[in-house]
> 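Here's a structure for you.
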Amino acid sequence: MHCGLCLPHCPTYGWHGVEGDSPRGRLTLMQGLAQGRLEPESERLRSHLEGCLGCRSCEAVCPARVPFGALMDRAREILTEHPTTPSRGERWRQALQHQALLHPSLRSLGGLAARTGARLGVDRLLPRGGWERSLAHTRDSLAPAHRLHATASPNTADALLFTGCMDRFFTGPDLEAALEVLDALGVRVAIPQGQVCCGALDQHTGHRAAAQALQARNGEAFGTREVPVIALDSGCEATLREYPEGTLAACSQSLTRFLAQWLDTNTNGDIWDATPIRIALHRPCTLRNVTREARELPALLERLPGVTLVPVADAPNCCGAGGTAMLTQPAMADDLGTETLQALTADAPDAIISPNVGCSVHLRALASEQSDPPEILSPARFLARRLKNHTHHSAGR
């Protein structure tokens, strides 16, 4: 299928204006790669295929339902099977990244090192390049994770919490906030031990075997009991829901969807603060194009007393975060992110809500360059702040 109806929806084609950076062009290149007509070592080929942000906007509008995301994963797997020679620094970075996904202790150490480096301004001493960009871009999102306390065992819980691999970098406070909200609503939550990264980074960079190993470990950690598995990040949820049939796929859902269903069947009294607040809602690619939960989140937020959603118009299809694209393709990522941020702040909201950790990190870094920008929060942290008995309650900022 090469009709081109998806071209206006592709952020990389809109930014580059090059056929090779469009879904149609990439499908042609993937076909040539799979058939052996194109060399996987070609830098130009790799640039086009590795430059895809994985937003899957093309997939959402395709009349033929071409599984573009799965095809791109397979194409990148072929590229991985024919690696170019990375620098020594790149090999170290890749090895550390993969080990950090597997081991909580390394994630904790990495988070501590990153926060300390950011606090001391180490990024200003580093040579220009990826490490400097990584520290500078993530500085405003780093926060120490609190010790999480489950309220039930896996055998008696109403829901299981998926913590993912970012719990010691960016989502620690979000996990704590989610537990606070769930506890206030009377939900018994367990946190299965032994869970690891959902596998998204490996899956979308061509390391299928590594992704499958992570899937297997999560399957063992969560067991076979059919109980909702709550994921806070829309990217993790999207990946979990595309696990093989019979695993976590059928049970995984967003905190938003779980809470909406819980509130429909449970009465929990007057627990919400009604102080007026205006918020702008960021709908990430994974929410719109994969989990297809674009309506659930605003519907839940509008049920809360005092909350007003401001209109958001003219935002690009992708904010440019694209997994690691915000670090590897900074010019395009920053342009797309700036456009997104401008759309979100056009009506001067008190806060911005985004259910994707990567998008939040990217937008927060861009917002830090503005004077008095609105705070960017996950749904979990926003909901916790709206609880009447929230310890660090703040109606807005």
> Taking 4.0 angstrom as the limit, do Asp174 and Arg381 come out as a salt bridge?
yes
> Report yes if some heavy atom in the side chain of Ile191 is under 4.5 Å from a heavy atom in the side chain of Leu160; otherwise report no.
no
> Could you pull out the closest heavy-atom pair between His9 and Val61, with the gap in Å?
CD2-CG2, 3.8 Å
> May I ask you to check whether Thr275 and Asp273 show a side-chain donor-acceptor distance below 3.5 Å?
yes
> So if you build clusters from Ile, Leu, Val, Met, Phe, Trp, Tyr with side-chain heavy-atom gaps below 4.5 Å, do Leu301 and Leu182 land together?
yes
> Any carboxylate oxygen within less than 4.0 angstrom of a Lys/Arg side-chain nitrogen, looking at Glu242 and Arg56?
yes
> For the pair Arg74 and Glu81, evaluate salt bridge (charged side-chain N to carboxylate O under 4.0 Å, His left out) and give the outcome as yes or no after the intermediate values.
CA-CA 11 Å; Arg74 176 54 187 149; Glu81 292 168 354; 3.7 Å; yes
> Are any of the side-chain nitrogens in Arg44 or Glu50 under 4.0 Å away from the carboxylate oxygens of its partner?
no
> Where is the tightest heavy-atom contact between His204 and Asp73, given as atom of each residue plus distance?
ND1-OD1, 3.0 Å
> Pair up each side-chain donor or acceptor in residues 226-239 with any protein partner under 3.5 Å, not counting sequence neighbours, and list the distances.
from, atom 1, to, atom 2, distance (Å)
Asp233, OD1, Val357, N, 2.6
Asp233, OD2, Gly235, N, 3.1
Asp233, OD2, Cys236, N, 3.0
Ser234, OG, Thr286, OG1, 2.6
Ser234, OG, Asn356, ND2, 3.1
Glu237, OE2, Arg241, NH1, 2.8
Glu237, OE2, Ser254, N, 3.3
Thr239, OG1, Gly235, O, 3.1

> Are Leu214 and Phe222 co-members of a hydrophobic cluster defined by side-chain heavy atoms under 4.5 Å apart?
no
> Has Arg24 got a side-chain atom pairing as donor or acceptor with Leu7's backbone, closer than 3.5 angstrom?
no
> How does the hydrophobic cluster around Leu287 look, that is, which other residues are in it when side-chain heavy atoms under 4.5 Å mark a link?
none
> Ala152: which residues meet the side chain to side chain contact (heavy atoms under 4.5 Å, CB included) condition with it, sequence neighbours left out?
Thr156, Ala157, Arg188
> Check whether any side-chain heavy atom of Gln193 lies under 4.5 Å from a side-chain heavy atom of Pro154, and answer yes or no.
no
> Do you know which two heavy atoms are closest between Asp21 and Cys10, and how far apart they sit?
O-SG, 3.6 Å
> Salt bridge between Arg217 and Glu220, side-chain N to carboxylate O under 4.0 Å?
no
> Quick test of your reading of the model: are Glu375 and Arg385 salt-bridged, counting only N-O distances below 4.0 Å?
yes
> Go through the structure and list residues passing ring-ring contact (aromatic ring centres under 6.0 Å, His included) with His137, not counting sequence neighbours.
His362
> Suppose we screen for salt bridge (Lys or Arg N to Asp or Glu O under 4.0 Å). Which residues come up paired with Arg303, at least two apart in sequence or across chains?
Asp264
> Flag the pair Leu344 / Thr340 as yes when at least one side-chain heavy-atom distance between them is below 4.5 Å, and no otherwise.
yes
> In the structure I gave you, are the side-chain heavy atoms of Val196 and Asn218 within less than 4.5 Å of one another anywhere?
yes
> Quick one: do Val307 and Val312 end up in the same hydrophobic cluster if we chain Ile, Leu, Val, Met, Phe, Trp and Tyr together by side-chain heavy atoms under 4.5 Å apart?
no
> Okay, side chain of Gln195, backbone of Leu161: is any donor-acceptor separation there less than 3.5 Å?
yes
> Checking Thr324 side chain against Leu327 main chain: does a donor-acceptor pair fall under 3.5 Å?
no
> Check whether Phe382 and Leu185 end up in the same hydrophobic cluster, where Ile, Leu, Val, Met, Phe, Trp and Tyr are linked by side-chain heavy atoms less than 4.5 Å apart.
yes
> Any side-chain heavy-atom pair from Leu49 and Leu79 closer than 4.5 angstrom?
yes
> Quick one about Ser354 and His282 (side-chain donor to acceptor, distance below 3.5 Å, no hydrogens or angles considered), yes or no?
yes
> I need the full list of ring pair (Phe, Tyr, Trp, His ring centres under 6.0 Å) pairs touching residues 31-68, with sequence neighbours left out, sorted by first then second residue.
none
> Within a strict 4.5 Å, meaning less than it, do heavy atoms of the Arg288 and Asn317 side chains meet?
yes
> Counting only heavy atoms from other residues, nucleotides and ligands, does the tally under 6.0 Å from CZ of Arg295 exceed 12?
no
> Same hydrophobic cluster for Leu377 and Val181, using side-chain heavy-atom links shorter than 4.5 Å among ILVMFWY?
yes
> Is a side-chain donor-acceptor pair under 3.5 Å present for Arg26 with Thr12?
yes
